[in-house]
There are 2 protein chains.
Amino acid sequence: MAGPPRKPKTSESARAITADLVAVLVAVTDGEPKIMTIAYAGALPSGPFEFKHRSLQSGLRTWVEQQTGHPLGYVEQLYTFADRGRTGDAKSPHSISISYLGLTREDQVGPGSEAHWSGWYEYFPWEDHRAGPPALLGKLLAPRLRAWSKSAPSAALQRERWQRAAITFGFDDREWNEELVLQRYELLYEAALIPEAVRNGNGAAPVVPGRAMTADHRRILATGIARLRAKIKYRPVVFELMPAEFTLLQLQRSVEALAGRLVHKQNFRRLMEQQQLVEETGAIAADTVGRPAKLFRFRHAVLAERAVAGTKLPLSRT
Amino acid sequence: MAGPPRKPKTSESARAITADLVAVLVAVTDGEPKIMTIAYAGALPSGPFEFKHRSLQSGLRTWVEQQTGHPLGYVEQLYTFADRGRTGDAKSPHSISISYLGLTREDQVGPGSEAHWSGWYEYFPWEDHRAGPPALLGKLLAPRLRAWSKSAPSAALQRERWQRAAITFGFDDREWNEELVLQRYELLYEAALIPEAVRNGNGAAPVVPGRAMTADHRRILATGIARLRAKIKYRPVVFELMPAEFTLLQLQRSVEALAGRLVHKQNFRRLMEQQQLVEETGAIAADTVGRPAKLFRFRHAVLAERAVAGTKLPLSRT
DNA sequence: TTAGTTTATGCTCAGGATAAGTATAAGCCA
DNA sequence: TGGCTTATACTTATCCTGAGCATAAACTAA
């Protein structure tokens, strides 16, 4: 091991990169899904990963808790991105983004910082089907995507494009699949219908409603929403977004907020009951309209009792 | 923007790290699931991520194809790890590992290199339930885990430990859940029953069968197996592991190899049929025992026809 | 006081999916 | 020819799921 001191390995530094942590922090307030944003709602909170952190996850928790002043509950890794030119500057240090999904409650977040809660449907207006398919789907997206399909060089490609659009957006009487958030975003990106896709010049292409974000943050957000929409169907994660006590309707509204579609009330209750995910607190909800509802709490025991709790959602077809 | 030339930002380099790509490459040959290994079956293939690669995924494809001499089919990101001390050497450059799952066929892999195909149940003997629960489950694992449970400081903790063991391994007449590969590995790790957990000194603790791997490669493998076992149930990915033409029994055997458990033959065929995942080639399989079977091929059209193809598996309870 | 509105909660029903079993067909080989 | 193996068709019982009907319990406006 002894020997002449060596020069620092500069060849190594050619491969050196930096790592950023990006968080999709979700809360549901008054039946609306929110995400934490910075930079005037134009970016997701992110910070550098430093090696004083024990692990990626603890690094994320550390700075999120610094920013929000409150411990983070459920955390799950989403995806790692590292496309060259992500930052648009070839000279800038190359960076890898490791994204996470985190669940909290809005009222747990302290003041200060530039953090801000934004409704997530501001970024994806076409994803909210709680009041039926949004008008912009048929009025705006369908014709634009049809035009994009027609612009393909061959007839086969034209059909393929429209088929993809129809499947992901539920055109031509197909069913709406709320989990295809990312596929829809990527299709719109490919069709150059959103600002991120036409950012670097290329003229001002026609653009569809929905707020944009820096870099690929909106793509990360789409990934997070898709993951969460899939997860609530087989894991009891909704409860991370609920207060300690809640009525079944409040719980249902939260699920509907995330899924972007309505569920059948009676079936939803039947499911909650037979899976024993909740238990009555004995109290009755105050300040409500209509017949008073029982208050419930999450049965934390289920997490220990079974490994996978199938929290199926009775989604309405209408 | 003009001004005196600045010194290179050495403060930045404090955060500099390197990124490695690690691959779980899966094939199924003669009804046995295999993974590609290097270093005498003691490590997963891995390589540095360099920024000449356009993206993480293309970086992976590039060096996998260099090593195996054949293009890679299905690829999916698994997880990104970055725990400090992963390498055990605090002075070594900090590194992030981004792991991928890739599906191929063994016969597509060219010669040369130190690559080698190993049966994945060599690393996880307790995961193969095709011939019923392995003997070592009741004979070895149950008593060891029972002892570990008993060694907990409090009665409550003791109960909790055994409950976790029982749930993940299916003790006490619980059902075996083939998807909990990672949870089982991590439990054994926590109980210090596998070499990786007692590697850094700590004396020679009792150890359970199953080949170990360098660093956290066996954990990554467990992640990959778990992901694949979950995925075959709702996405038609098995076909990536099959030759162009196959009999339904061969297809079934591949699924069973991955899932580590048997499926009901008649129901399996019904499912394949009604989901229209395969179509007859018209030919009949040669060199078989028993009644000759029709040959089938994957209907690639389904990938375009629907977004999510529910390839449910009719798993046997017996 | 009553009709109307809102939410809560109990119950039924039909269709589909699923697990499992029975039965028969079609090859081979001793 | 009988026995073995695999292929393939069909049946049955059960459970899950979506959907709707009906009733209860509060409030409010006429």
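Model, not experiment: these values are computed from the prediction. To find a chain, count down the sequence lines: A is the first, B the second, and so on, and within it residues start at 1.
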Report task. Run the salt-bridge test on B:Arg229 and B:Glu127 with the 4.0 Å N-O cut-off and return the result as yes or no. Result -> yes
Whole angstrom is fine here: how far is it from [atom1] in [X] over to [atom2] in [N]?
{"X": "A:Leu271", "N": "D:dC16", "atom1": "CG", "atom2": "C1'", "value": "10 Å"}
{"X": "B:Arg291", "N": "D:dT6", "atom1": "CZ", "atom2": "C1'", "value": "8 Å"}
{"X": "A:Phe296", "N": "C:dA8", "atom1": "CZ", "atom2": "P", "value": "10 Å"}
{"X": "A:Gln274", "N": "C:dG10", "atom1": "CD", "atom2": "P", "value": "14 Å"}
{"X": "B:Glu273", "N": "C:dT18", "atom1": "CD", "atom2": "P", "value": "15 Å"}
{"X": "B:Leu248", "N": "C:dA26", "atom1": "CG", "atom2": "P", "value": "17 Å"}
{"X": "B:Asn267", "N": "D:dT12", "atom1": "CG", "atom2": "C1'", "value": "12 Å"}
{"X": "B:Lys294", "N": "D:dT8", "atom1": "NZ", "atom2": "C1'", "value": "8 Å"}

Counting N and O atoms only, with roles assigned by atom type, does the side chain of A:Gln252 sit under 3.5 Å from a partner on the main chain of A:Val263, one being a donor and the other an acceptor?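 Confirmed, A:Gln252 side chain pairs with A:Val263 backbone.
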query: With respect to the phosphate group of C:dT9, does any side-chain polar atom (N or O) of A:Arg269 fall under 4.0 Å of OP1 or OP2?
result: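 True: A:Arg269 side-chain N/O within range (under 4.0 Å) of C:dT9 OP1/OP2.
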Indicate whether OP1 or OP2 belonging to D:dA7 is found under 4.0 Å from a side-chain N or O atom of B:Lys265.
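B:Lys265 to D:dA7 OP1/OP2: side-chain N or O found under 4.0 Å.
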Quick check: any donor-acceptor pair below 3.5 Å linking the side-chain of A:Arg270 to the base of D:dG18? yes
Q.
Please determine whether any donor N or O and acceptor N or O are separated by less than 3.5 Å between the side chain of B:Gln266 and the base of C:dT22.
A.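 Result: at least one qualifying N/O pair found.
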Looking only at heavy atoms, the pair that brings A:Thr223 and A:Leu78 closest together is O-CD2, 4.1 Å
Quiz prompt | Heavy-atom closest pair, residues B:Val237 and B:Lys231 | solution =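 Smallest interatomic distance, heavy atoms only, reads CG2-CG, 4.2 Å.
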Exercise for review: Looking only at side-chain atoms of B:Pro292, point me to the closest of D:dG20, C:dG21, C:dG27.
Suggested key: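 Among D:dG20, C:dG21, C:dG27, the one nearest the side chain of B:Pro292 is C:dG27.
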